[in-house]
Number of protein chains: 2
Amino acid sequence: MALENPPGSAFLLAAVGSHAAARFAERVADLDLTPPQVGLLGLIAASPGQSQQAVAQLLGMPPSRLVGLVDALADRGLVERRRNRTDRRLHALHITDEGTEMLARVGKVGREHDAALCRSLDAAERETLRALLSRIAADQGLRPGIHPGYRGV
Amino acid sequence: MALENPPGSAFLLAAVGSHAAARFAERVADLDLTPPQVGLLGLIAASPGQSQQAVAQLLGMPPSRLVGLVDALADRGLVERRRNRTDRRLHALHITDEGTEMLARVGKVGREHDAALCRSLDAAERETLRALLSRIAADQGLRPGIHPGYRGV
DNA sequence: TATTGTTATACTCTATAACTATA
DNA sequence: TATAGTTATAGAGTATAACAATA
């Protein structure tokens with residue numbers, strides 16, 4: 001009870017989505033990762049070799065912010081910067097073998113998270129939910145796989 | 001393309017929910033309100049006369065944080081603190097007439113927001129989405145009408 | 001002069017803890 | 001001494017702008 005009875009879909013979406021993001025953050029914290037780091041790791045794996053500028057643009061964040069995120073992943077050997085030989089200003093981002101292993105663990109955590117969040121729905125209902133959310137996401141211009149808050153995966 | 005193909009419901013929920021929260025924040029900014037202020041205003045309207053401690057507990061935030069939120073609403077005459085006569089330490093929170101008017105405007109904004117977010121779904125689909133989200137919210141222990149991030153309405 | 005990545009700075013939001021006034 | 005509310009302080013997280021290296 002707050003603004004409306006019953007609450008609209010948008011409020012429910014924001015509330016459940018916030019809850020989902022918080023629970024996911026807890027899970028990946030066990031891997032010593034933050035949601036933005038997970039998002040970056042996944043993007044580098046999916047589109048390797050891109051410059052920090054390009055990745056920052058894809059994630060919708062200023063390049064300066066990417067520096068710290070890449071540093072954290074590179075310090076742990078999960079990604080690496082490779083200098084472009086013809087233009088030494090560019091740092092191409094690549095995932096390492098350790099990074100790939102970590103991403104597999106993240107995937108497992110994500111599936112567990114998904115199962116826990118949707119445990120009250122049966123298989124058909126989960127598929128219905130996913131289809132409806134995908135429609136909204138596409139209509140609202142959200143890029144597949146990219147979290148608009150960059151804090152979630 | 002990031003972690004999974006296709007993305008799980010949890011990721012979609014977090015992404016679409018974050019988008020919904022951001023768009024709502026933009027809309028209420030036109031009323032010079034932040035989402036936490038809206039959530040507090042709605043709670044005071046729904047449960048008037050409670051102490052700041054009680055409201056803070058309901059919203060899941062420390063009482064110290066409530067001070068600034070109440071100040072902002074009280075300075076604009078939307079809510080008021082009424083001192084308890086028998087125990088002068090207590091400040092009962094009440095909404096004013098201006099606050100009630102403002103809440104009506106917030107409700108209108110919320111319905112517009114809802115319509116814009118779900119414009120790609122027909123009426124039956126919206127109802128299906130709302131039912132599925134309500135089930136998840138109840139199962140996950142979310143209190144109806146209370147945003148777990150306190151930033152949303 | 002323009003661009004990539006980096007660093008410096010400042011701002012916002014939040015929580016924890018110290019403080020006051022009442023009891 | 002205990003509690004409600006407040007204030008002070010500090011810590012994340014973020015964006016903007018200045019900077020160094022390279023083109």
Side-chain angles (χ1 to χ4, degrees), chain A residues 18 21-22 24-26 28-29 32-40 43-44 49-75 79-94 147-153, chain B residues 18 21-22 24-26 28-29 32-40 43-44 47 49-75 79-94 146-153:
Chain A
S18 173
F24 182 76
E26 287 175 356
V28 294
D32 277 310
L33 288 174
T34 65
Q37 287 171 359
V38 171
L40 174 58
L43 182 57
I44 293 174
Q50 303 214 66
S51 71
Q52 295 187 189
Q53 294 273 346
V55 170
Q57 172 132 15
L58 279 173
L59 291 174
M61 65 177 62
S64 62
R65 185 177 163 195
L66 207 63
V67 176
L69 291 175
V70 172
D71 282 349
L73 296 180
D75 289 349
V79 304
E80 60 184 17
R81 293 175 167 101
R82 294 191 200 153
R83 259 200 140 123
N84 187 313
R85 286 173 196 166
T86 67
D87 186 342
R88 295 173 43 77
R89 291 174 304 183
L90 289 152
H91 286 180
L93 299 177
H94 290 271
H147 192 295
Y150 333 114
R151 35 182 72 140
V153 134
Chain B
S18 173
F24 182 76
E26 288 175 357
V28 294
D32 277 311
L33 289 173
T34 65
Q37 287 170 0
V38 172
L40 174 59
L43 182 57
I44 293 174
S47 306
Q50 304 215 66
S51 70
Q52 295 187 190
Q53 294 272 348
V55 171
Q57 172 132 14
L58 279 173
L59 291 175
M61 65 176 63
S64 62
R65 185 176 165 196
L66 207 63
V67 176
L69 291 174
V70 172
D71 282 349
L73 297 180
D75 289 349
V79 304
E80 60 184 17
R81 294 174 166 102
R82 293 192 200 151
R83 264 203 136 117
N84 188 311
R85 286 171 197 168
T86 68
D87 186 341
R88 294 173 43 76
R89 291 173 304 182
L90 289 152
H91 287 180
L93 299 176
H94 290 270
I146 296 189
H147 193 296
Y150 336 115
R151 33 181 73 141
V153 121

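Letters go in sequence order (proteins before strands), and every chain restarts at 1.
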Practice item. State whether the number of non-hydrogen atoms from other residues, nucleotides or ligands found under 6.0 Å of Arg85(B) atom CZ is greater than 12. Key: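 No, CZ of Arg85(B) has 12 or fewer neighbouring heavy atoms, counting only those of other groups under 6.0 Å.
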
Validation row: [X], [Y] side chains within 4.5 angstrom (heavy atoms):
X         : Y        : result
Gln50(A)  : Leu58(A) : yes
Gln53(B)  : Pro63(B) : yes
His147(B) : Pro35(B) : no
Met61(B)  : Leu69(B) : yes

What is the distance, rounded to the nearest whole Å, between atom [atom1] of [X] and atom [atom2] of [N]?
X         : N       : atom1 : atom2 : result
Asp71(B)  : dA8(D)  : CG    : P     : 13 Å
Arg65(A)  : dT6(C)  : CZ    : C1'   : 16 Å
Leu66(B)  : dA4(D)  : CG    : C1'   : 12 Å
Arg81(A)  : dG5(C)  : CZ    : C1'   : 8 Å
Gln37(A)  : dT14(D) : CD    : P     : 11 Å
Met61(B)  : dG5(D)  : CE    : C1'   : 15 Å
Arg82(B)  : dA4(D)  : CZ    : C1'   : 19 Å
His147(B) : dT14(C) : NE2   : C1'   : 16 Å

Point to revise | Test salt bridge (Lys or Arg N to Asp or Glu O under 4.0 Å) applied to Arg81(A) - qualifying residues, sequence neighbours left out | key: Asp71(A)

Point to revise | Heavy-atom protein contacts under 4.0 Å, nucleotides 17-23 of chain C, coded B base, S sugar-phosphate only, - none | key: B----BS

Check your understanding: Near DNA chain C, which residues from residues 51-60 of chain B have a heavy atom under 4.0 Å away?
Key -> none

Exercise for review: Tell me, with the steps shown, if Leu66(A) and Leu59(A) meet side chain to side chain contact (heavy atoms under 4.5 Å, CB included).
Suggested key: CA-CA 9 Å; Leu66(A) 207 63; Leu59(A) 291 174; 4.2 Å; yes

Review point. Nearest 0.5 Å, what's the CG-CG distance between Leu43(B) and Leu93(B)?
Key: 9.0 Å

Review point. With sequence neighbours excluded, what pairs up with Glu26(A) under the side chain to side chain donor-acceptor pair (under 3.5 Å) test?
Key: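 Glu26(A): side chain to side chain donor-acceptor pair (under 3.5 Å) contacts with Arg23(A).
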
Practice item. Only counting residues at least two apart or in another chain, list the ones meeting side chain to side chain donor-acceptor pair (under 3.5 Å) with Glu80(A). Key: Arg82(A)

Review point. What's the closest nucleotide to the Pro62(A) side chain, out of dT6(C), dA15(D), dT6(D)?
Key: dA15(D)

Review point. What is the bend of the helix from dT1(C)-dA23(D) to dA23(C)-dT1(D) when you compare the axis at one end with the axis at the other, using five pairs each and rounding to 10°?
Key: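 Roughly 30° between the end axes, to the nearest 10°.
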
